[in-house]
*Asks:* 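Please find one structure pasted underneath; my questions will follow.
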Amino acid sequence: MSPQITPIADTAQDLELSERILAPDGSRVPNPRLDPFVADVDDAQLRSLLRDMIILRRIDAEGVALQRQGQLGLWAPCQGQEATQIGTARALSPQDFVFPSYRETGVIYSRGAQPADYVRMWRGEEGASYDPAVLGMAPLQIIIGAQTLHAVGYALGIQHDGTDEVAVTYFGDGATSQGDVNEAMIFASSYQAPVVFVCQNNHWAISEPVTVQSQYPIAGRAPGFGIPSVRVDGNDVLACMAAMRWALDHARSGKGPAYIEAVTYRMGPHTTADDPTRYRDEAELASWRRRDPITRLEAHLRAAGELSDDDVAETQAAADAVAKEMRAACLGMVTRPALAVFDGVYAEPHAGLDRQRAEYAAYLATFESGV
Amino acid sequence: MSPQITPIADTAQDLELSERILAPDGSRVPNPRLDPFVADVDDAQLRSLLRDMIILRRIDAEGVALQRQGQLGLWAPCQGQEATQIGTARALSPQDFVFPSYRETGVIYSRGAQPADYVRMWRGEEGASYDPAVLGMAPLQIIIGAQTLHAVGYALGIQHDGTDEVAVTYFGDGATSQGDVNEAMIFASSYQAPVVFVCQNNHWAISEPVTVQSQYPIAGRAPGFGIPSVRVDGNDVLACMAAMRWALDHARSGKGPAYIEAVTYRMGPHTTADDPTRYRDEAELASWRRRDPITRLEAHLRAAGELSDDDVAETQAAADAVAKEMRAACLGMVTRPALAVFDGVYAEPHAGLDRQRAEYAAYLATFESGV
Amino acid sequence: MTLGKALGAGLRRAMQDDDKVVLLGEDIGRLGGVFRITDGLLDEFGAARVIDTPLAESGIVGTAVGLAFRGYRPVVEIQFDGFVYPAFDQIVAQVAKLHYRTQGRVKMPLTIRIPWAGGIGAAEHHSESPEAYFVHTAGLRVVAVSNPQDAYRSLRQAIASDDPVIFFEPKRLYHHKGEVELDAPLADAPPMGLARVVRAGTDATLITYGAMVSTALQAAEAAEDEGISLEVIDLRSLSPVDYDSVAASVRKTGRVVVAHEASREAGVAAEVIASITERCFEYLESAPLRVTGHDVPYPPAKLEKYHLPDLDRLLDAVDRVLDRPNSLTGADA
Amino acid sequence: MTLGKALGAGLRRAMQDDDKVVLLGEDIGRLGGVFRITDGLLDEFGAARVIDTPLAESGIVGTAVGLAFRGYRPVVEIQFDGFVYPAFDQIVAQVAKLHYRTQGRVKMPLTIRIPWAGGIGAAEHHSESPEAYFVHTAGLRVVAVSNPQDAYRSLRQAIASDDPVIFFEPKRLYHHKGEVELDAPLADAPPMGLARVVRAGTDATLITYGAMVSTALQAAEAAEDEGISLEVIDLRSLSPVDYDSVAASVRKTGRVVVAHEASREAGVAAEVIASITERCFEYLESAPLRVTGHDVPYPPAKLEKYHLPDLDRLLDAVDRVLDRPNSLTGADA
Ligand SMILES: Cc1ncc(C[n+]2csc(CCOP(=O)(O)OP(=O)(O)O)c2C)c(N)n1
Ligand SMILES: Cc1ncc(C[n+]2csc(CCOP(=O)(O)OP(=O)(O)O)c2C)c(N)n1
Ligand SMILES: [Mg+2]
Ligand SMILES: [Mg+2]
């Protein structure tokens, strides 16, 4: 009595169900739906996408290294998801506003981050890693799915203001189970809000395979809420960029929300606190290494004679330079003084807290010599 | 890029999109999908369905009257939804367990309620109107959508026990916006739990038309979660029964959850505290009066020569008798004594509450003469 | 003007003053809300500013957070007290924390209006007193009103505040009337955080808020007949509590009763008593007492009169705090 | 045995004793939970009893409620303290109320385990102390453990209880070791609601729970060096609080400090102090004091040491409650 949906317990088959432009071996496959959205993307642009992905991978590796060295409390690696993040974020305009989860290092990068912007939160110095107004991006969100509703509200504001900006929200496959994410689709659909949902289906929510959340393609949920969707190969940077351009066009032109499921893979641990060998096969990881998004674009460009060893070496050097700056910014951070614990709770004076602060200041003062 | 879904802002068109067996004028229309599920339903059974609907309407009217007379604090009328409730509930087996919202008077009736079972909660005497174990039905649920998750958990228990019972949950069109209802679909799908979702789309959530919750057929959401669904004319008792039998068969035979959207109409106010003239057109109501579920079945049976004026008169008399019993049970209720306010909070002794109870008892005792 | 109408007037005024003020909630548009507080606002301000939402409280508050990110000042109506819990995560983990998380780069000038508390013979979940949950949550301000004038003024102050405010409206007072100065400049009003001495007295201090302020005043009158002078304080702001005013009173009377409808364990009265004890220990002549709802879920309507503190329970506590058992209730006589 | 292992042993034992016990949570199966508390249980009891759930806390608790309707005794793991809020509605409006709603016809023998509190340098939402919300909620029992023995025993008691129990596990103690009597009959154990005098003393009573019990013991040792005798009480049960034990101690010492990591306003310490004041007013020689987290959202990791009560802050409070400022901290010296 209902449309048949194919279960996707198996990842190989899974990937076949998604739209792509670049095959895993780097060859270009015609895609009548997506091609028009990247007709303008020439080899120079492809090289620049590759560059971003390589730099992102380096930033990510630096994050892991800094954590291992005790300089960060935690890091959530995005290795394997570079095409999804760089491809979609490249399609954004600066005026668009992003509501991310915690794994969108590539989106932070694409929004023009300064070196320290990657680490302030993970180092435990600040609640937010960067200034939302500067990057056009809400702080990293740890509560799974909560940000999707914020994006819808922001989009309602855009609608009310009558501008053509778009709100974009990123979330994982696990997040799709949260009530908030479903409510976000409902609100977005009811108000036809200019919001784009980007689900990064990286196959895992910590130790749970995506089949715990859904045994069916996640992109298949959106149409039931009246939201058009596309399921795209998340390791194909061109397909990701094309899908995002489609979605942004759709939202920007007043047609309401759009939904992208990017099928990708988390190659590293969930976070630096995680040990994925406890729950997943080496074979699965190996099969995804063969679908590495960076290798794929590199193969494509090399086959086209558009990439030299020098190009790659130059990019690696640039990436190392970014990583070095990030490290320096991280190590150079100065923790705020004790009383900063009270800063910024309220916008306006609060008698109770102000008194607590004063009491604590007096208490601290008793430790100061000579007092 | 996504399946087209037709918006359903208009109720006439809306109804056409649903499955039916009896046309609004009572004539029978062939329905290859649903007919097999009610092949055994003969005229005697149809008369008994009509009887139940008429009695239910009478019970509902008595509820309204008792409230107007100050005997109940509130009442949530189900007038107009008799076919949905009687049709689906008739398909249940006694072992199945129902998780209702607050408007399922017809389901309470079908589960074999005693007269007082309709009113204990609405009168403010008890938290639950009836004994869940006796009726095979959880207490009325006021928190919108919360019960749908309970049904899924109960269904998990059935699965674990290896029996062929089914958990069934009823909820409204408004409820479909709640996170809980969406999470319930996700959990049910992941575990392939034997649960049937029955959405009574009565077109309104208090003053909000269903289009605030969804501009698309609600039944269209379930397939995206991997749950087969059917959209049925909720004023066609035969179609409701058929759809429910399909859904129960599906769940009972280990195929997992099923979803029914019954498209019906709330002819009365949301509750006795509501004034629907503030928000809806008389014309809309009038058009739905022409689709009255009772009139429809009555027309069908009369056209077939299977219903006489005497039959109807007898049923009305029976309905009046039920209403009389209900009234007597209501008026005969004795409010529990003051200290009952402490009863049943915990299953086991609780030092804090036991002390409070003793203190309150001592306080009350000071008012007793001579103490 | 009734308290309900005063709230409506406050909303209207706030919307006129600042076009970033938008309202969101269930049934607040055409219906004007189940309590008619937003009556007429849809017609006046249009559907873009008076937004009927899908039936999902987390969705409502989460959407309002997004509007605040965009520079709006959303005012959310939760239909009844018992329906705020699905939004608890968004309130506690987002609304309360975003200002701190971003060190003020993102402001959360949300107002969350909650028709509140019991005594109206309602069904389950329609008579809750959840204020302590929000008082315990750093980053929120919590206001509870008790009369039309305060309702009008503090609702406007809440909306104008750059901080999130949980705004409790005692629903059993919606139809109560009182004078409202509609045109007095907001700048002249007492700040939102201040308590009010509703009645001056010398023998004991009765501290409460919301609908119980009038019960407390009745108690003070009854006590006066017996020659006992009670000071009655309406806290008005539950976070922060105006402990300067409270302590001034306690230093004068030395005896305190704190009353509310909410249940007792870790409720607001516990907070007030612990703080009073910290600040005024040497002034206390007897143990401060609590008169509260019992530690039970809100009972069925027919039993609520045994749950809610009433005049007699207040007087009984006053008797005890004054060490004269049963003199006021006269029960033993 | 570590506290974490003791909890695992408690779960295993409860599952062996009663096949109606089923576990639900995120990552509790193959991974054994992010803290490995359920390590090995999937292999031992199978996927039907150790259930990895979709990522939705309301869904987890709501599903557990349904299992309880069916006669099961579900044990839910919330992955971190800060992720319990999406389940707040199901906990407060369903878990806590169903027994009362049905007058005991439906039992809710749920245990909701919450890895809890701060001090581990974690990211936001991973160091919350939400216990007061649940203490304020009638219909729930609330337990907080501080050592392996209690963890093992009271988790089994919680699961065996026909009432819902919110079970707090101080995550910074998961690796702390202690003796655990694995085979002592549960029937011989002290009932779940009892507090424990961890160290007897005469000059002041230090009341706390969870990970701060060891800080309190350190304080008592430091005080002893100065000739001050502190009694330390581990509440263990936060609802109900064992006020008989607490009051007995306060009547002896006359001076009280209550400490917890959670923020202060309307927290558990407020409840304890208000109740002590009610019961022991005439025994109090100074104002009971609170040492708590500040009324701020849990701060970033680098600042948490300024937020959490530590030995010095406890000693400072002891000094003040004994009216001998800065004698113990020695800070002024
Ligand atoms: C409300 C809530 N519950 C649980 C968690 C713990 N948690 C953090 S990440 C995560 C898995 C998320 O998986 P997914 O959405 O697929 O995103 P991914 O980590 O794969 O990018 C979980 C369970 C959380 N942060 N918030
Ligand atoms: C969580 C929650 N939010 C709000 C309400 C208030 N409320 C009661 S019924 C109702 C409308 C429900 O509409 P629908 O789901 O369509 O069911 P119907 O009343 O039409 O049967 C609302 C908003 C509630 N009971 N629970
Ligand atoms: Mg994932
Ligand atoms: Mg409806």
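In the text below, chain A, chain B and the rest are named by the order of the sequence lines, each starting its count at 1.
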*Asks:* Once the angle between the rings of F69(C) and F99(A) is folded into 0 to 90°, is it parallel (under 30°), tilted (30 to 60°) or perpendicular (over 60°)?
*Replies:* perpendicular

*Asks:* Could you state the interatomic distance from OG (S58(C)) to CG (N182(A)), rounded to the nearest 0.5 Å?
*Replies:* 11.0 Å

*Asks:* Measuring heavy-atom distances to chain A, does A48(C) have an atom under 4.5 Å in its side chain, in its backbone, in both, or in neither?
*Replies:* both

*Asks:* Does any heavy atom of chain C fall under 4.5 Å from the side chain of R120(A), the backbone, both, or neither of them?
*Replies:* neither

*Asks:* Closest heavy-atom contact between D162(C) and A347(A)?
*Replies:* CB-CB, 3.6 Å

*Asks:* Could you grab the distance from atom CZ of R70(C) to atom CD1 of I158(A), nearest 0.5 Å is fine?
*Replies:* 5.0 Å

*Asks:* Please check if the side chain of Y100(C) supplies one atom and the backbone of Y346(A) the other of a donor-acceptor pair under 3.5 Å.
*Replies:* no

*Asks:* Measure the shortest side-chain to side-chain distance between I51(C) and Y191(A) over non-hydrogen atoms and say whether it is less than 4.5 angstrom.
*Replies:* yes

*Asks:* Less than 4.5 Å to any heavy atom of chain C: does that hold for the side chain of D161(A), its backbone, both, or neither?
*Replies:* both

*Asks:* Nearest 0.5 Å please: distance from the CD atom of Q147(A) over to the CD atom of Q94(C).
*Replies:* 8.5 Å

*Asks:* Please classify the contact of D343(A) with chain C as side chain, backbone, both or neither, using a heavy-atom distance under 4.5 Å.
*Replies:* both

*Asks:* Could you walk me through whether V65(C) and L149(A) pass the side-chain contact (heavy atoms from CB on, under 4.5 Å) test, one step at a time?
*Replies:* CA-CA 8 Å; V65(C) 168; L149(A) 283 166; over 6 Å; no

*Asks:* If you round to the nearest 0.5 Å, how far is CG of L98(C) from CD of Q141(A)?
*Replies:* 7.0 Å

*Asks:* Would you say that Q90(C) contacts H150(A) through its side chain, given a criterion of any heavy-atom pair below 4.5 Å between the two side chains?
*Replies:* yes

*Asks:* Enter the distance from S275(C):OG to R355(A):CZ here, rounded to the nearest 0.5 Å.
*Replies:* 8.0 Å

*Asks:* Say you draw a straight line from OG1 of T53(C) to CD1 of I186(A); how long is it, rounded to the nearest 0.5 Å?
*Replies:* 11.5 Å

*Asks:* Is E126(A) salt-bridged to R105(C), going by a charged N under 4.0 Å from an acidic O?
*Replies:* no

